[in-house]
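So the structure is just underneath, and the comments pick up after that.
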Amino acid sequence: MLKTHTCGELRLSHVGTQVTLAGWVHRRRDHGALIFIDLRDREGIVQVVVDAEAAPEAHKVAEKARVEYVLQIRGEVRARPEGLQNPNLPTGEIEVAAQEVTILNPAKTPPFYINEDVPVEEALRLKYRYLDLRRERMQRNIILRHHVVTAIREFLNARGFIEIETPLLIKSTPEGARDFIVPSRLHPGKFYALPQSPQQLKQLLMVAGFEKYYQIARCLRDEDLRADRQPEFTQLDLEMSFVEQDDILALIEELYLYLVEKVVPHKRIREIPFPRLTYQEAIARYGTDKPDLRFGMELIDLTDIVAHSAFRVFAQTAAEGGHVKAITVPGAAGYSRKELDALTQHVIPYGAKGLLWMAFRQEGVRSPAAKFLTSGEIQAIRERTAAREGDLVLIIADEPTVVAEALGHLRLEMGQRLGLRDPNELAFAWVVEFPLLEWNEEEGRWQAVHHPFTAPVPEDWTLADTDPGRMRALAHDSVLNGWEVGGGSIRIHRSDEQQRMFQLLGITEEQAQAQFGHLLEAFQYGAPPHGGIALGLDRLVALFADENSIREVIAFPKTSSAQDLMLGAPSPVAEEQLRELHLAVLSLER
RNA sequence: GGGCCCGUGGUGUAGUUGGCUAACAUACCGGCCUGUCAAGCCGGAGAUCGCGGGUUCAAGUCCCGUCGGGCCCGCCA
């Protein structure tokens, strides 16, 4: 080894020890005959003193050193003189008196600050990701991610789970996200697909009798990106045989408690056991199936109060089967007209036509709708919304889905403004009883809300012919602070039921055989009842790391246009490469 | 596919009712300096204002297009 100790580990107890260190120049302070070098390695920073009198050769080398040079330093640990300790550094009570300084490798001036946590344009960070990753924030995040994965393995291994790898080159399926496909050289005109998740494979591992499986699995989906979505991402994928939904939820709940204790012990969990909401409840109370439960400000239904109001927007919405719902924002009655108008911008993107407000001030109610509402109606609204003096009630009247989405997002915005979304609070929750199917307008058929292998609540099979939209799924989503961090279900394990499901989804028997024949056949050889879940590792780590984007917890992420700015991917390939793959690129339109 | 925001020395920003010889901080280079820790002091170099076109006597600033980044809608079983 080129070093005997790490920079970060040295303490008073090492005083008098001869050490050899190796690392990067974090900062250099040149006082002429005395040079201070803050030497950094993964474990921390230590001050090295190079004295021209005591070590003239070393001093000559240190004069040439610059930020991010890679140095090896031989010297002795000594206590810092009284009054010269640095309380901001864990190693601040000691320093290393250099006897020999070696430049292992010089460095160009970096394109941005590595020794300071200051904002840098993200494109530049991504082009020089290897330098960005050298910065403290990214080191912390990537190491945190490692700790999460380690703890997951510890926890599951101790409970009899077996980690099994599944292939990356699999078969394209029609349902779900757009596949990334890989051409086959050996089979002209045929393609593999990269897995959107190991879903079918892990179910087949249950048929194989492994009973408890997990995998830290890479998943790939060719869809547009978001702050919380990358084309490749990582899931903790998990499946168990002979379990009911409660068993899965209980296990994962325990896993979360273990992770928080091991990895982010400074964070508080808001409620244990985790609250469970049905999908219906979540939509009704929070306007979303991934509610942020760190604060209340729930959606309140006013439809019945204003159904026969003289205020036409209300009456008409109610008559057409729409909803009139509100949130109460404490202490916001003083918002100016301009501020109130600006709030509209937070609901327009979700299809709302407008936002109505009622400010309960000392001098009385202020609202654009006040003159159309009776004092009885205003009183009823105030009671229902529990608005006190100084509170602002924000109302949206529209189709139920628009009201839910718009008001749900407005709730998050107002919660943010009021400082109710504390990153050190973890509000885990379960959302259960999702609808099994939803109607796809464009294709004119039912499609699976979760995926086509999800089992319905058994008694709901009777609705299959009459009212499929009302069938409930044995599905569960794991929600944390307003993010969907996981989802799973009890699966169908009988061939006849799986076939019935494909039928419901408008998949012909031939298609089902061609696409899913392996699964249908496997289910005929004694498939155990089974179920599982997959957790979005990137999202979970981002929440643990207080980051708003999963790019901050992925070593080499892609931009929102799905490019790797460091590697320059995607890129063209040689004509010969295409020929081998039996591919031709259609002329690029522009 | 659509909407919004951003792009100015290496980096982060200011300059956007058109008048600029483009400003500030920091980094960088040189000099001085034996106790600093965001070291300090003195000096210096460094920007065709993302790119292309247009309007104008005059464009960093206005218009059109384009490229790159970000956020969102659609999309994401």
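Each chain gets a letter, A, B and so on, in the order its sequence line appears, and its residues count up from 1. No hydrogens, no waters, no symmetry mates; every other heavy atom, side chains included, goes into these values.
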For C62(B), the nucleotide meeting Watson-Crick or G-U wobble distances (both under 3.5 Å) is G54(B)
List for me each residue that meets side-chain contact (heavy atoms from CB on, under 4.5 Å) alongside Ala555(A), sequence neighbours excluded, and say none if there are none. Leu133(A), Ile142(A)
Categorize Leu89(A) for me: base, sugar-phosphate, or nothing, with a 4.0 angstrom heavy-atom threshold over every strand shown. nothing
Can you find a side-chain donor-acceptor pair between Asp538(A) and Gln230(A) that sits under 3.5 Å? no
Quick check on contacts: within residues 120-128 of chain A, what sits under 4.0 Å from RNA chain B by heavy-atom distance? Val120(A), Glu121(A), Glu122(A), Ala123(A), Leu124(A)
For the base of U36(B) and the side-chain ring of Phe36(A), does the geometry meet a stacking cutoff of under 5.5 Å between centres and under 30° between planes? yes
C1' atom, G9(B) versus A23(B): distance in rounded Å? 11 Å
Where along residues 44-59 of chain A does a heavy atom fall under 4.0 Å from RNA chain B? Gln47(A), Asp51(A), Glu53(A)
Pairs: protein N or O with nucleotides 27-32 of chain B N or O, under 3.5 Å:
from   : atom 1 : to        : atom 2 : distance (Å)
A27(B) : O4'    : Tyr113(A) : OH     : 3.2
C29(B) : OP1    : Arg66(A)  : NE     : 3.0
G30(B) : OP2    : Arg66(A)  : NH2    : 3.4

Selected nucleotide, minimal atom distance to Arg229(A) side chain, candidates G35(B), G68(B), C75(B): C75(B)
When you measure from the side-chain N and O atoms of Arg29(A) to the phosphate of A39(B), is any distance below 4.0 Å, counting only OP1 and OP2? yes
Show every ring-ring contact (aromatic ring centres under 6.0 Å, His included) that has at least one partner inside residues 27-67 of chain A, sequence neighbours left out. His31(A)-Phe36(A)
Hey, could you give me each pair passing side-chain hydrogen bond (donor to acceptor under 3.5 Å, both in side chains) that has a residue in residues 42-54 of chain A? Not counting sequence neighbours. Arg29(A)-Gln47(A), Gln47(A)-Glu95(A)
Can you find an N or O donor on one side and an acceptor on the other, under 3.5 Å apart, linking the side chain of Arg28(A) with the base of C37(B)? no
Is there any salt bridge (charged side-chain N to carboxylate O under 4.0 Å, His left out) pair reaching into residues 230-239 of chain A, and which pairs are they, with sequence neighbours excluded? Lys202(A)-Asp237(A), Lys202(A)-Glu239(A), Arg218(A)-Glu232(A), Glu232(A)-Lys558(A), Glu239(A)-Arg491(A)
G2(B) to A58(B) separation - C1' atoms, rounded to the nearest Å: 38 Å
Could you tell me if the ring centre of His409(A) sits under 6.0 Å from that of His346(A)? no
Whole-Å distance, Ile114(A) CD1 to U26(B) C1', equals 15 Å
Partners meeting side-chain contact (heavy atoms from CB on, under 4.5 Å) with Asp132(A) (sequence neighbours left out): Phe112(A), Arg125(A), Arg129(A), Arg135(A), Met138(A)
Mind checking what makes salt bridge (Lys or Arg N to Asp or Glu O under 4.0 Å) contact with Asp289(A), not counting sequence neighbours? none
Does His31(A) lie flat on the base of A39(B), that is, centres under 5.5 Å apart and planes under 30° off? yes
Grab the CG-P distance between Asp224(A) and G3(B) for me, whole Å please. 15 Å
Whichever of Lys558(A) and Arg27(A) has its nearest RNA chain B nucleotide further upstream toward 5': Arg27(A)
Side-chain atoms of residues 511-521 of chain A: list all donor-acceptor pairs with protein atoms under 3.5 Å, sequence neighbours left out, distances to 0.1 Å.
from      : atom 1 : to        : atom 2 : distance (Å)
Gln511(A) : OE1    : Thr508(A) : N      : 2.9
Gln511(A) : OE1    : Thr508(A) : OG1    : 3.3
His518(A) : NE2    : Gln200(A) : OE1    : 2.7

Does Glu443(A) have any salt bridge (Lys or Arg N to Asp or Glu O under 4.0 Å) partners at least two apart in sequence or in another chain, and if so, which? Arg445(A)
Under 4.0 Å, heavy atoms only, any strand: does Gln85(A) hit a base, just the sugar-phosphate, or nothing? base
Could you go through the ring-ring contact (aromatic ring centres under 6.0 Å, His included) check for His493(A) and Phe523(A) one step at a time? CA-CA 6 Å; His493(A) 65 280; Phe523(A) 284 175; 7.6 Å; no
I'd like the C1' distance from G35(B) over to C49(B), given in whole Å. 43 Å
Just to be sure I understand the rule, does Ser561(A) reach a base, reach only the sugar-phosphate, or reach nothing, if contact means heavy atoms closer than 4.0 Å? sugar-phosphate
Whole-Å P distance, C29(B) and A39(B): 14 Å
Pairing partner of U11(B), by Watson-Crick or G-U wobble and under 3.5 Å for both distances, is A25(B)
Expressed in angstrom and rounded to an integer, what is the separation of Leu131(A) atom CG from G10(B) atom P? 17 Å
If you find the nucleotide of RNA chain B closest to Glu442(A) and the one closest to Asp228(A), which residue's nucleotide is nearer the 5' end? Asp228(A)
Mind checking if Arg491(A) touches a base, just sugar-phosphate, or nothing, with heavy atoms under 4.0 Å? nothing
Parallel under 30°, tilted from 30 to 60°, perpendicular over 60°: which one fits the rings of His451(A) and Phe453(A)? tilted
Ignoring hydrogens and angles, answer whether the base of C37(B) and the side-chain atoms of Asn86(A) contain a donor-acceptor pair closer than 3.5 Å. yes
Reckon Ser560(A) has a side-chain N or O less than 4.0 Å from the OP1 or OP2 of G70(B)? yes
Side-chain N or O of Arg226(A) less than 4.0 angstrom from OP1 or OP2 on C73(B)? yes
Check salt bridge (Lys or Arg N to Asp or Glu O under 4.0 Å) between Asp496(A) and all other residues, then give those that pass, not counting sequence neighbours. Arg494(A)
Rounding to an integer number of Å, can you tell me how far Tyr350(A) OH sits from C4(B) P? 16 Å
Name the nucleic acid region contacted by Gln230(A), choosing base, sugar-phosphate or nothing; use a 4.0 angstrom heavy-atom cut-off, strictly under. nothing
